[in-house]
Structures are given as structure tokens and as C-alpha cells.
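Data first, discussion second: the structure below is written as C-alpha cells.
Counting starts at 1 for both ligands and their atoms, following the listed order. Keep in mind it's a predicted model, so treat the numbers as computed, not measured. Each residue takes its place number in the sequence, starting with 1.
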Amino acid sequence: MRDISPMIIRPEASKDIPYIRTLTDSAFVGVEHSSQTEGAIVDALRDAWALTVSLVAELEGSVIGHVGFSPVLIDGQDIGWFGLGPVSVSPGLQGGGVGSALIKAGLDKLTSLGAKGCVVLGDPPYYGRFGFSSDHALRYGHVPPEYFQSLVLGGQPAVGDVTYHTGFEAA
Ligand SMILES: CC(C)(COP(=O)(O)OP(=O)(O)OC[C@H]1O[C@@H](n2cnc3c(N)ncnc32)[C@H](O)[C@@H]1OP(=O)(O)O)[C@@H](O)C(=O)NCCC(=O)NCCS
């Protein structure tokens with residue numbers, strides 16, 4: 001495994017945009033439950049000014065990871081909650097801590113912006129390590145509750161039905 005100790009996590013810059021697209025498209029190839037549209041989703045969120053937090057992991061001048069966070073609605077209301085994702089790490093560098101570093105930095109950034117909470121759709125044990133847990137009071141469509149997790153960042157747990165930004169309908 002390549003040494004990632006010189007890696008830095010920083011906000012995306014405009015020069016990163018094509019690299020984030022390539023990285024995201026490649027990271028999701030062959031991933032179960034992937035729509036294979038995650039790269040387009042990141043671009044659509046950015047175009048709609050809905051990529052509230054967008055961080056890249058840079059190693060020796062190359063973008064090797066990316067995470068985005070966008071606003072979600074709860075029962076149709078913007079109450080300061082966000083959705084984590086997509087999150088991508090270069091296929092050859094997965095499993096080395098890059099994704100964890102991006103997610104932790106992104107959650108710190110959201111907290112500093114005054115976000116009240118964050119939701120994520122994905123593997124429960126993986127996201128559980130960042131403090132996410134399943135809360136049956138916060139629902140996302142017909143997704144089994146264990147795969148839809150939330151993390152309170154400030155204030156009270158939220159209750160209701162979650163709607164992601166329309167950027168997630170990008171194809
Ligand atoms: C998911 C992803 C972002 C995680 O980043 P990463 O840098 O590979 O993961 P980390 O090194 O931070 O964490 C590694 C740990 O997470 C586990 N893990 C990694 N990817 C996982 C996944 N997709 N599901 C469940 N567990 C996963 C590993 O088994 C490892 O566990 P360990 O520490 O107990 O050995 C990355 O693997 C990736 O880009 N995957 C393809 C795209 C994807 O599935 N994105 C998430 C859905 S939005």
C-alpha cells in the first residue's frame with residue numbers, strides 16, 4: 001500500500017473538478033447498489049450550488065479522494081441537515097484511511113458551519129465508526145432503516161422523511 005502520510009485534505013478548487021469526476025466515476029465501477037451516476041451527481045450538485053462541503057484528498061499533487069455534502073429536507077423543510085456523499089477514493093488506494101480522513105474532516109467542516117445533523121445511505125458498520133446510527137424516526141423512502149443512518153451535530157435528533165437534493169436524480 002502506498003504511503004499516504006503526505007496526504008492533505010482541502011476544499012475543492014476549480015482546477016480539481018475534472019479530476020473529481022474521473023475519480024468518482026472510477027471509484028464506483030463494480031460497486032454493488034451503485035447507479036454509476038455518482039460522478040454526474042457531484043457535478044449536478046455543484047452546478048446547483050448545493051455542494052455545501054466538497055473536500056479532496058491530495059497526494060503528491062494528485063486528487064486521490066473526494067467527499068461531498070449537500071442539504072437535505074426533512075418533511076420538506078430545511079432545518080440545517082445535510083447528506084453525506086458521494087464519497088470516493090481511488091481504486092488502488094482504498095482501505096488505507098483516505099475515506100475516513102475525508103469523512104471526519106467533512107463532518108468537522110459541517111459542524112463549524114452550524115449544521116444540525118447529517119444523514120448517510122450506506123454500509124452500517126463503515127459509517128458507524130464516525131458516530132452514525134440508525135434512527136427509525138428519520139426515514140428515507142423504502143430503504144431499510146439499518147442502511148439509512150444519521151448523526152446529530154447540534155441540537156436535537158430530527159424526525160421525519162428525508163429528501164435529497166434533486167442533483168441526485170442526475171444521470
Ligand atoms: C467507501 C470508501 C469511500 C471508503 O474509503 P477507504 O479509504 O477505502 O476506507 P478507509 O480506509 O477509510 O476505511 C477502511 C475500512 O473501511 C472498510 N470499508 C472500506 N470500504 C467499505 C465499504 N464500501 N463498505 C464497507 N466497509 C468498507 C474496510 O473494510 C476497512 O475496514 P478496517 O479498517 O476494519 O480494515 C472507498 O472504499 C470507495 O471509494 N469505495 C468505492 C465507492 C463507494 O462505495 N463509496 C461509498 C458509497 S457513497
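- For Val89 against Gln94, the heavy-atom pair with the smallest separation is O-NE2, 2.9 Å.
- Taking the charged nitrogens against the carboxylate oxygens, Glu38 and Arg21 have no contact shorter than 4.0 Å, which rules out a salt bridge.
- The heavy-atom pair separating Ser112 from Lys109 by the smallest distance is OG-O, 2.7 Å.
- If you check which protein heavy atom lies closest to atom 8 (O) of ligand 1, you get Gly95 N, 2.7 Å.
- Here the straight-line distance linking atom CD1 of Ile9 with atom CG of Asp108 works out to 11.0 Å at 0.5 Å rounding.
- Protein heavy atom in closest approach to atom 11 (O) of ligand 1: Gly97 N, 2.5 Å.
- When hydrogens are left out, the protein atom nearest atom 48 (S) of ligand 1 is Phe28 CZ, 3.7 Å; that is the closest non-hydrogen contact.
- When all heavy atoms of Phe168 and Ser70 are compared, the pair lying nearest together is CE1-OG, 3.5 Å.
- The shortest N/O to N/O separation between Ala27 and ligand 1 does not fall below 3.5 Å.
- Which of Arg129, Glu32, Glu38 comes nearest to atom 15 (C) of ligand 1 through a heavy atom is settled by distance: it is Arg129.
- Between Tyr127 and Phe130, the ring planes are tilted. Angles from 30° to 60° get that label.
- Checked against a 3.5 angstrom limit, the closest N/O atoms of Pro86 and ligand 1 fall outside it.
- Per-atom contact check: atom 26 (N) of ligand 1 touches the protein, criterion being a heavy-atom distance below 4.0 Å.
- At the top of the distance list for atom 4 (C) of ligand 1, counting protein heavy atoms only, stands Tyr126 OH, 3.2 Å.
- Regarding atom 44 (O) of ligand 1, its nearest protein heavy-atom neighbour is Val31 CG1, 3.8 Å.
- Contact analysis leaves Gly85 out of contact with ligand 1, as no non-hydrogen atom separation drops below 4.0 angstrom.
- At a 4.0 Å heavy-atom cut-off, ligand 1 touches Tyr127 through the side chain alone.
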Show your reasoning for whether ring-ring contact (aromatic ring centres under 6.0 Å, His included) applies to Tyr147 and Tyr140.
CA-CA 10 Å; Tyr147 289 101; Tyr140 178 56; over 10 Å; no
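- At a heavy-atom cutoff of 4.0 Å, ligand 1 is contacted by both the backbone and the side chain of Val89.
- Which parts of ligand 1 touch Ser100 is read off a 4.0 Å heavy-atom cut-off, strictly below it: atoms 10 (P), 12 (O), 13 (O).
- Of the polar atoms of Leu93, none of the N or O atoms is found under 3.5 Å from an N or O of ligand 1, judged by distance alone.
- For atom 38 (C) of ligand 1, the nearest protein heavy atom (residue, atom name, distance) is Gln94 NE2, 3.4 Å.
- No hydrogens or angles considered: nothing links the side chains of His66 and Thr24 as a donor-acceptor pair under 3.5 Å.
- When each of Leu110, Val119, Val120 is paired with Phe82, the side chain to side chain contact (heavy atoms under 4.5 Å, CB included) condition holds for Leu110 and for no other.
- Nearest protein heavy-atom neighbour of atom 7 (O) of ligand 1: Gly99 N, 2.7 Å.
- Distances below 4.0 Å separate heavy atoms of Gly96 from the following atoms of ligand 1: 11 (O).
- Rounded to the nearest 0.5 angstrom, His33 NE2 and Asp123 CG are separated by 9.5 Å.
- Nearest heavy atom pair, residue Ser88 against residue Ala27, reads CB-CB, 3.6 Å.
- Scanning all protein heavy atoms for the shortest distance to atom 45 (N) of ligand 1 gives Val87 O, 3.0 Å.
- Counting atoms of ligand 1 from 1 in the listed order, those under 4.0 Å from a heavy atom of Ser88 are 39 (O).
- Heavy atoms only, all atoms of each residue included: Ala13 and Asp16 are closest at N-OD2, 2.6 Å.
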